[in-house]
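Below is one structure, written out as C-alpha cells; comments come after it.
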Amino acid sequence: MVRVRFAPSPTGPLHIGGARSALFNYLFARKNNGVFIVRIEDTDLERSSRESEKNILESLKWLGITWDEGIEVGGENGPYRQTERLNLYQKYARKLIEEGFAYYCFCTEEELEEERKNLLAKGEMPRYLGKCRNLTPAEKEKYLAEGRKPTVRFKVPAGRTIVINDLVRGVVTFETDGIGDFIIVKSDGIPTYNFAVVIDDVTMGITHVLRGEEHLSNTPRQILIYEALGFKIPEFAHISLILGKDRTKMSKRHGATSVENYREKGYLPEALVNFLALLGWSPGTEEEIFTMEQLIERFSLDRVAKNPAIFDLDKLNWINGYYIRNSELSRIVELSLPYFQSCGYVSNNPTDEEMRKLTKVVEATREYVVTLSELPEHAAIFYQKELIFEEEAKTFLAEEETRNILRKIADKIKEIPGFEEEEIKGFLKKLPKELGVGGKKVYMPLRAALTGKTHGPELYQVMAILGPEEAERRIKNLFN
RNA sequence: GGCCCCAUGGUCAAGUGGUUAAGACACCGCCCUUUCAAGGCGGUAACCCGGGUUCGAAUCCCGGUGGGGUCACCA
C-alpha cells in the first residue's frame, strides 16, 4: 500500500512549489490507490502560525487536492501537527542517547558562532567539531549547574558512504565525513526538522517520500537516523525545483509566488493544476490539457524530469485562457461574479435580471481574457452610463454622412423583432443595402457609437446585451 | 568554498545508439472575421564545450564550463 504525505511548514501562504509537491504526492497516491496524508511541520515556533496553516489548507482544497488522513480529517496516526507529538520525539531522542547514537551538547550559540568564525578565518569549512561528544559526567554537571540548556546532537559516524536510490534521480551518494554532528533536539526541547520528519514518516507508515530537491542533501542525515533507530527506509523521490525567470529558486521577489496570489488574480484552480503538472512532468504524448482525473490516470514518477523548470507565466496564461473559454459558461459566470461586484457593476445580492445580463456579458467577453479579473474592464462598455470615446472611435463619428446614417439606424432599431442575437444579426446584414451605403460606413461607426471603441465583441452580441432602448439611446446621445 | 543535483529552440518539454531531433507556450506570416480576440494553416528557432567508447552518438564514459540546491538550536 502506497502511503505518501505533504508536510508543509506553516510559515507563509502555500507556495507554488509546495503546491506542485502536494499535487505530485496527490497524483501518485491516487494513481496507486494509496493514501495521501497532510501533516503540519510547525516545529519552528518563531515563524509558524495558525493563519498560515489555514491558508495552506484552503489553497490545497481550492486546487482540488484532498487528503485521506491528516490535519482536519484525522486518522489513526495522529495527531498531525508536530507540536502535538512532542512526547513521541522525546521518546526516540532518549533512545538514541541511551544507545549512544546521540549526545547532549552544551555549547551556546555564542560559542558556536565563535567556532564558526575561527574556522572561516582559517579558510576552513564551518562545521561543528564535536566538542561535546565525550563530556565527562562532571563536566555535564558543571554546565547544568550553570543553568545551560543542552541540545541533542546526532553522532555522525565517520568514513561511511550513504547511498540513496532516488526514484527520479537514480543513485546518489554522500560521504558522512562531509556531515557534522547535527542537532536533532533544540535546547527548548523541540525537535528539528531532520529528526521529526523521520519519526513522523515512520510512525505514519510513509512508503514514498516525494519532495523538493532542496531536501536531497538532508536525506543522508535522515537515513542515518532511520538506521540508528532500526527503521525501514522509505523510497525517496526528489523533484527538481521551480525557478524564477532569473533561474534562481522562486521567491517573493519573483512576484506572485503563492497559490492565493494566483487565485486572487483570477486564475482557475484547474488551470493552475494543469500547468503545475506539466512543470516537471510530461505525459509523453502531445496532449496539453488535462483534468485532474486524467492526470491521475497518466501520472508516473518515471516521467518526472530531473532538470529544474522555469516558471513560464505565458504558458499558465494560455492554459488559464483556455479554461475560461472552454469551461461551462455557468461556472465561469459564478467565478467571475466577485470581480464584477467589487467594481460595482453587479450588486452584492444580484437579481435574476443582473445575472442574466452578466451571463451574456461573460459569454461575450471571455474570448478576450487570460484571467477572470480582466473581465470587468472588457465588460465596461456594458455597464458604463457615460461612454468613454477612444480617439480612433471619434474619427469614425466625425463625418456628417456617417452621422446621418447612424440617425437612420437608431430609428430602425425598434423594428427588430424580439431583439435576439439571430434577429439582430439578420438586421445588421441587411443594413448596408437598405441604407444604400457600403458596410464600411455602417459597422465601424455603429460600433463606435455603441461602445466608444473600435474593438470589442461581435456587434450583434453588443446590441443584444444592451437591448433596444439602450442601443437607441446611445446612438441618439451623440446628437445632443 | 566543500558536498549534491542538473544541462535539447526564448520557455516547458519528447527522445533512452541509427529520427527530416516531436509537441506546446511565446514570436512572425497567412486565412477566417467589415473590429479585436479566439480559431485554422504555415514559419523562424535547439542537442553547452572537449576528449573518448562505437561502423554510428542528443543518447554511454571521463574532464571542463555553466546553472541550481545545500551546508542553522529554518523547514
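Quantities reported herein were computed from a predicted structural model and do not represent experimental measurements. Below, chains carry the letters A, B, ... as their sequence lines are ordered, and counting in each starts from 1.
Checked against N320(A) for a side chain to side chain contact (heavy atoms under 4.5 Å, CB included), the options T371(A), V369(A), L272(A) give a single hit: T371(A).
At a threshold of 4.0 angstrom between heavy atoms, the contacts of H215(A) include nucleobase atoms, whether or not backbone atoms are also involved. Using a 4.0 Å heavy-atom cutoff across all strands shown, Y443(A) reaches at least one base atom of the nucleic acid. Within the 4.0 angstrom heavy-atom criterion, no nucleotide atom of any strand lies near T11(A). Nucleic acid contact class of R366(A) (heavy atoms, under 4.0 Å, all strands): none. Among the protein residues, S282(A) comes within range of the sugar-phosphate backbone only, with heavy atoms under 4.0 Å from sugar or phosphate atoms but none that close to a base. Across all strands, G280(A) comes closer than 4.0 Å only to sugar-phosphate atoms, never to a base (heavy-atom distances). Residue K306(A) is classed as a sugar-phosphate contact, given heavy-atom separations below 4.0 Å to backbone atoms only. Residue-level contact check: E214(A) touches the backbone only, with heavy atoms under 4.0 Å from sugar-phosphate atoms and none from bases.
Under the Watson-Crick or G-U wobble criterion, with both distances below 3.5 Å, G2(B) is paired with U70(B). In a base pair of the Watson-Crick type (N1 to N3 plus N6-O4 or O6-N4) or a G-U wobble (N1-O2 and O6-N3), with each distance short of 3.5 Å, G9(B) is matched with no nucleotide. Base pairing of A46(B) is not made with any nucleotide, judged by Watson-Crick or G-U wobble geometry with both donor-acceptor distances under 3.5 Å. Across the strands present, C41(B) finds its partner in G29(B); the criterion is a Watson-Crick or G-U wobble pair with both atom distances under 3.5 angstrom.
Among the nucleotides C25(B), C74(B), G68(B), the one closest to the side chain of K315(A) is C25(B). Relative to the side chain of N307(A), the nucleotides G68(B), A13(B), A75(B) differ in distance, and A13(B) lies closest.
The CD1 atom of I242(A) sits 17 Å away from the C1' atom of G67(B) (whole-angstrom rounding). Atom-to-atom, CD of E286(A) to P of A24(B) comes out at 7 Å; the value is rounded to the nearest Å. Atom CZ in F182(A) sits roughly 14 Å away from atom C1' in U70(B) (whole-Å rounding). The nearest whole Å value for the distance from the CD1 atom in I239(A) to the C1' atom in G69(B) is 15 Å. Look at CG on N317(A): it is 10 Å from C1' on C25(B), rounded to the nearest Å. Spacing between atom CZ of R221(A) and atom P of C74(B) amounts to 14 Å, rounded to whole angstrom units.
For U34(B), neither phosphate oxygen OP1 nor OP2 lies less than 4.0 angstrom from any side-chain nitrogen or oxygen of K429(A). Side-chain nitrogen and oxygen atoms of R247(A) include at least one within less than 4.0 Å of the OP1 or OP2 phosphate oxygen of U11(B). Note on R169(A): every side-chain N or O is 4.0 Å or more away from OP1 and OP2 of G69(B). For K249(A), a side-chain nitrogen or oxygen approaches OP1 or OP2 of U70(B) to under 4.0 Å.
A donor-acceptor contact under 3.5 Å is formed by the side chain of N218(A) with the base of A75(B). A donor-acceptor contact under 3.5 angstrom links the side-chain atoms of S187(A) to the base of C73(B).
With hydrogens and angles left out, the side-chain atoms of Y323(A) and N274(A) include a donor and acceptor closer than 3.5 Å. Judged purely by distance below 3.5 Å, without hydrogens or angles, the side chains of T285(A) and E287(A) pair a donor atom with an acceptor atom. If you check the side chains of R366(A) and S327(A), you find no donor sitting under 3.5 Å from an acceptor. Side chain to side chain, D44(A) and Y193(A) fail the donor-acceptor criterion of an N or O pair below 3.5 Å. Side-chain contact of T83(A) with D42(A): a donor-acceptor pair under 3.5 Å is present, judged by distance alone.
Two residues are said to be in side-chain contact when any heavy atoms from C-beta on lie closer than 4.5 Å; K91(A) and N87(A) fail this criterion.
Ion pairing of E115(A) with K131(A) is absent here, as no side-chain N (NZ or NE/NH1/NH2) approaches a carboxylate O to less than 4.0 Å. Ionic pairing of R85(A) and D200(A) is present here: one or more N-O contacts between side-chain nitrogen and carboxylate oxygen are shorter than 4.0 angstrom. Ion pairing between a basic and an acidic side chain is recognised when a charged N comes within 4.0 Å of a carboxylate O; R5(A) and E41(A) show no such pairing. With salt bridges taken as basic N to acidic carboxylate O contacts below 4.0 Å, none links D201(A) and R211(A).
Applying the ring-ring contact (aromatic ring centres under 6.0 Å, His included) criterion to Y80(A), with sequence neighbours excluded, gives no partner residue. Taking the ring-ring contact (aromatic ring centres under 6.0 Å, His included) definition, one finds that Y143(A) meets it with F106(A), sequence neighbours left out.
Near RNA chain B, meaning a heavy atom under 4.0 Å from it, residues 265-275 of chain A has no residue at all. For the segment residues 451-463 of chain A, the set of residues with a heavy atom within less than 4.0 Å of an atom of RNA chain B comprises T454(A), H455(A), G456(A), P457(A), E458(A), in numerical order. Within a heavy-atom distance below 4.0 Å of RNA chain B, the residues of residues 41-52 of chain A found are E41(A), T43(A), D44(A), R47(A).
Positionally, the nearest nucleotide of RNA chain B for S240(A) lies more toward the 5' end than for the other of M444(A) and S240(A).
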Between the protein and nucleotides 38-47 of chain B, are there any N/O to N/O pairs under 3.5 Å, and if so, what are the atom names and distances?
residue, atom, partner, partner atom, Å
A38(B), O3', R325(A), NH1, 3.4

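For F24(A) and F299(A), the gap between ring centers is short of 6.0 Å. Checked against a 6.0 Å centroid threshold, the rings of F101(A) and Y92(A) do not count as neighbours. The ring of F311(A) has its center no closer than 6.0 angstrom to the ring center of H254(A).
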